[in-house]
Peer 1: 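Would you mind keeping the following structure in view while I ask a few things?
Order of listing sets the numbers, starting from 1, for every ligand and every atom in it. Along the sequence shown, the residues carry numbers beginning at 1.
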Amino acid sequence: MTTILGIETSCDETAAAVVVDGRDVRSSVVSSQVDLHARFGGVVPEIASRAHVELLTPVMAEALVEAGVGDGDIDAVAATIGPGLIGSLLVGVSAAKALSLVWGVPFVGVNHLEAHLVASFLEEPDLELPLVVLLVSGGHTMLVELQEIGRYRLLGQTIDDAAGEAFDKVARFLGLGYPGGPAIDREAMSGDPEAIRFPRAMMDEGLDFSFSGLKTAVINHVRKHPDVGTADVCASFQQAVVDVLVEKARRAAREVGAKGLALGGGVAANSQLREVFLDVCSEEGVHGFLPSRAMCTDNAAMVAAAGYYVLRDRGETPLDAPADPNLRVALA
Ligand code: KG4
Ligand code: ZN
């Protein structure tokens with residue numbers, strides 16, 4: 001039995017979790033800093049780092065108490081080592097390294113994207129392989145094939161903005177505040193998704209994505225039609241994003257002969273995407289899996305789980321390994 005303390009501080013969530021054998025979540029504590037950043041309309045890196053310094057110790061303590069484990073029960077400490085904001089990453093990485101030294105247990109540096117990729121297995125251990133994951137977050141939009149956990153093949157990615165970034169930028173333009181995704185999701189519920197026909201970029205070309213033209217189209221439309229209803233703009237924008245995401249996921253699943261298709265990343269919390277995604281999976285005859293919303297957005301349980309697989313397959317991470325804001329996933 002391997003009990004891992006996971007730590008996540010790559011952006012604006014301070015999180016800690018205790019997970020056994022990469023599967024069994026004993027505790028998962030997430031402290032969101034959203035309120036601290038909201039009035040600035042986005043994450044302010046310096047504020048995020050300082051908040052992580054204040055929040056991480058109580059968050060870790062809560063995770064250990066909730067899991068009912070003492071210091072001596074932890075077999076390894078895993079922390080997100082990148083990609084993310086360097087000042088934020090350093091808080092979690094330094095804490096994890098310090099605990100690893102004090103407790104005499106391995107330190108494991110985890111790639112944040114790999115953590116999102118394996119998150120589904122925490123809730124659905126029997127996901128069938130090969131699995132295609134549509135990973136849609138604030139910083140990344142990619143389609144990845146998992147031949148097995150730890151062996152990833154990039155099938156497609158965004159050539160400009162990430163899907164979450166498009167949500168955040170459009171919400172900001174519409175004055176809906178930060179974070180934009182949940183705000184647009186809420187507004188869209190009372191709007192007509194067919195009110196405005198926004199472009200679906202690269203719909204018929206391969207598995208890459210492009211969202212910056214869509215963002216510009218929304219801005220141009222609203223400037224030209226200042227009386228247009230915000231709910232209709234949100235619903236139509238969201239529909240354009242979802243149409244492209246699910247169409248490309250469908251094509252990716254066909255191309256690799258996937259048995260499973262899963263969502264990951266913050267945008268996977270989107271109501272419309274969740275609804276359409278399962279329909280597409282059943283049309284394609286693949287096992288579709290939707291992680292819970294809490295598992296889609298940043299958390300440390302996925303970091304502890306990824307840490308378990310990294311430790312098992314690649315061994316511990318040297319204590320002099322640096323945090324890397326631009327870290328990539330090792331793809332086959
Ligand atoms: O994975 P995540 O929590 O952090 C990153 O690693 O980026 O993703 C955050 C992103 C933000 O862009 C946020 O606006 C978006 O996920 N998001 C959503 C929803 N909830 C969060 N986008 C659309 N609909 C949502 N319900
Ligand atoms: Zn994330």
Peer 1: Which ligand 1 atoms, with their elements, are less than 4.0 angstrom from a heavy-atom of G138?
Peer 2: 5 (C), 7 (O), 8 (O), 9 (C), 10 (C), 12 (O)
Peer 1: So, is G265 polar-close to ligand 1, with some N/O to N/O distance under 3.5 Å?
Peer 2: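 Among all N and O atoms of G265, none is under 3.5 Å from an N or O of ligand 1.
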Peer 1: Is there any N or O on N270 that sits under 3.5 Å from an N or O of ligand 1?
Peer 2: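 N/O-N/O distance below 3.5 Å exists for this pair.
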Peer 1: Just to be sure I read this right, does ligand 1 sit under 4.0 Å from the backbone of H112, its side chain, both, or neither, counting only heavy atoms?
Peer 2: side chain
Peer 1: Report the member of S271, G181, G266 with the shortest heavy-atom distance to atom 21 (C) of ligand 1.
Peer 2: G266
Peer 1: Below 4.0 angstrom, N of the basic side chain to O of the carboxylate: do E128 and K259 qualify?
Peer 2: no
Peer 1: Tell me which N, O or S atom from D298 is the closest to the Zn ion (ligand 2).
Peer 2: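 Of all N, O or S atoms belonging to D298, OD1 is the one nearest the Zn ion (ligand 2).
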Peer 1: For ligand 1, which atoms, with element, lie under 4.0 Å from some heavy atom of G164?
Peer 2: 12 (O)
Peer 1: Would you please indicate yes or no on a ring centroid separation below 6.0 angstrom for F167 and F237?
Peer 2: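 Distance test on ring centres: under 6.0 Å, yes.
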Peer 1: Parallel, tilted or perpendicular: which describes the rings of H112 and H116, with under 30° parallel and over 60° perpendicular?
Peer 2: perpendicular
Peer 1: Kindly indicate, with the supporting measurements, whether the criterion side-chain contact (heavy atoms from CB on, under 4.5 Å) is fulfilled by E247 and V280.
Peer 2: CA-CA 8 Å; E247 190 49 39; V280 168; over 6 Å; no
Peer 1: Please report the interatomic distance CG(L5) to CG(D73), rounded to the nearest 0.5 Å.
Peer 2: 11.5 Å
Peer 1: Hey, is R26 close enough to E66 for a salt bridge, meaning N to O under 4.0 Å?
Peer 2: no
Peer 1: Can R50 and E46 be counted as an ion pair, charged N to O under 4.0 angstrom?
Peer 2: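 Yes, R50 and E46 are salt-bridged.
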Peer 1: Whether R250 and E283 form a salt bridge (side-chain N of Lys/Arg under 4.0 Å from carboxylate O of Asp/Glu) is what I want to check.
Peer 2: yes
Peer 1: Among L273, V267, D168, which one puts a heavy atom closest to atom 14 (O) of ligand 1?
Peer 2: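 It is D168 that holds the nearest heavy atom.
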Peer 1: Kindly confirm or rule out an N or O of D298 lying under 3.5 angstrom from an N or O of ligand 1.
Peer 2: yes
Peer 1: Heavy-atom contact under 4.0 Å between H140 and ligand 1?
Peer 2: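 No; H140 lies far enough from ligand 1 that no heavy-atom distance drops under 4.0 Å.
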Peer 1: When you check the gap from the basic side-chain N to the acidic O, do E205 and R200 get nearer than 4.0 Å?
Peer 2: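 No, E205 and R200 are not salt-bridged.
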Peer 1: I need the atoms of ligand 1 closer than 4.0 Å to a non-hydrogen atom of H116, numbered in the order shown.
Peer 2: 1 (O), 6 (O)
Peer 1: Taking both backbone and side-chain atoms into account, decide whether H140 has an N/O/S atom under 2.8 Å from the Zn ion (ligand 2).
Peer 2: no
Peer 1: Backbone or side chain, does H112 get an N/O/S atom under 2.8 Å to the Zn ion (ligand 2)?
Peer 2: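 H112 does place an N, O or S atom closer than 2.8 Å to the Zn ion (ligand 2).
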Peer 1: With a 4.0 Å cut-off, would you call E165 and K169 a salt bridge?
Peer 2: yes
Peer 1: Counting heavy atoms only, which of V136, N299, V241, D185 is nearest atom 26 (N) of ligand 1?
Peer 2: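 Nearest option to atom 26 (N) of ligand 1, by heavy atoms: D185.
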Peer 1: Within a distance under 4.0 Å of any heavy atom of G139, pick out the atoms of ligand 1 and give their elements.
Peer 2: 7 (O)
Peer 1: With atoms numbered from 1 as shown, which atoms in ligand 1 lie under 4.0 angstrom from a non-hydrogen atom of A269?
Peer 2: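 So the atoms of ligand 1 that pass are 20 (N), 26 (N).
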